[in-house]
Amino acid sequence: MKSIAALQAAVTATPSEREPSDAELDAIETESPLILAQVTLLDAQIMTIDRTPTELDQQRIRRARRRVLAARRDLANRAATLTVSGGAA
């Protein structure tokens, strides 16, 4: 029987590889308004999955879609501003 203990180190991440880097944390923080808006939209859509949406449901979905679009716009504008200014904020 072949032992896999020697191969385990190759597939197991070291503790330092499990933690996100500072750059990854900054990217998550920058994108968090968009992520939260998308979650809100998904929640609104899930609520109506098994029934006909009421007027209030439709309004909630429209509002959530507008929030997603606004968050995408803000994120794109922030990226464009950083690109134009050479990365300096």
Side-chain angles (χ1 to χ4, degrees):
M1 175 181 246
K2 184 177 178 181
S3 174
I4 62 166
L7 301 176
Q8 190 172 10
V11 296
T12 304
T14 61
S16 64
E17 293 173 348
R18 292 183 196 158
E19 298 294 323
S21 68
D22 289 339
E24 291 170 330
L25 290 174
D26 289 341
I28 291 169
E29 184 177 339
T30 301
E31 294 177 6
S32 66
L34 176 59
I35 295 167
L36 293 174
Q38 289 173 330
V39 168
T40 302
L41 175 59
L42 186 59
D43 285 343
Q45 291 170 333
I46 287 172
M47 287 181 3
T48 62
I49 231 168
D50 61 346
R51 61 183 167 93
T52 303
T54 64
E55 182 60 35
L56 183 61
D57 293 331
Q58 291 173 352
Q59 183 181 9
R60 185 177 293 124
I61 291 170
R62 283 192 305 269
R63 191 177 324 122
R65 281 185 181 141
R66 286 193 300 268
R67 286 182 185 152
V68 168
L69 291 174
R72 284 181 183 168
R73 179 198 61 218
D74 294 343
L75 191 59
N77 287 343
R78 186 176 305 128
T81 301
L82 292 176
T83 302
V84 169
S85 65

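Along the sequence shown, residues carry numbers from 1.
- Here the side chains of L41 and Q45 are in contact, with some heavy-atom distance below 4.5 Å.
- Counting only distance, with no hydrogens or angles, the side chain of D26 and the backbone of A23 share no donor-acceptor pair below 3.5 Å.
- Going from atom OG1 of T30 over to atom CG of D74 covers 12.5 Å, rounded to the nearest 0.5 Å.
- Within a 6.0 Å radius of CG in D22, no more than 12 heavy atoms belonging to other residues, nucleotides or ligands are found.
- Side-chain contact check for R60 versus T48: every heavy-atom pair is 4.5 Å or farther apart.
- Nearest heavy atom pair, residue V68 against residue L34, reads O-CD1, 3.9 Å.
- A salt bridge is defined here as a Lys NZ or Arg NE, NH1 or NH2 lying under 4.0 Å from an Asp or Glu carboxylate O, and R18 with E24 fails to meet this definition.
- In this structure, CD1 in I61 is found 11.0 Å from CD in Q59, a value given to the nearest 0.5 Å.
- Residues M47 and D43 have side chains not in contact (no heavy-atom distance under 4.5 Å, counting atoms from C-beta outward).
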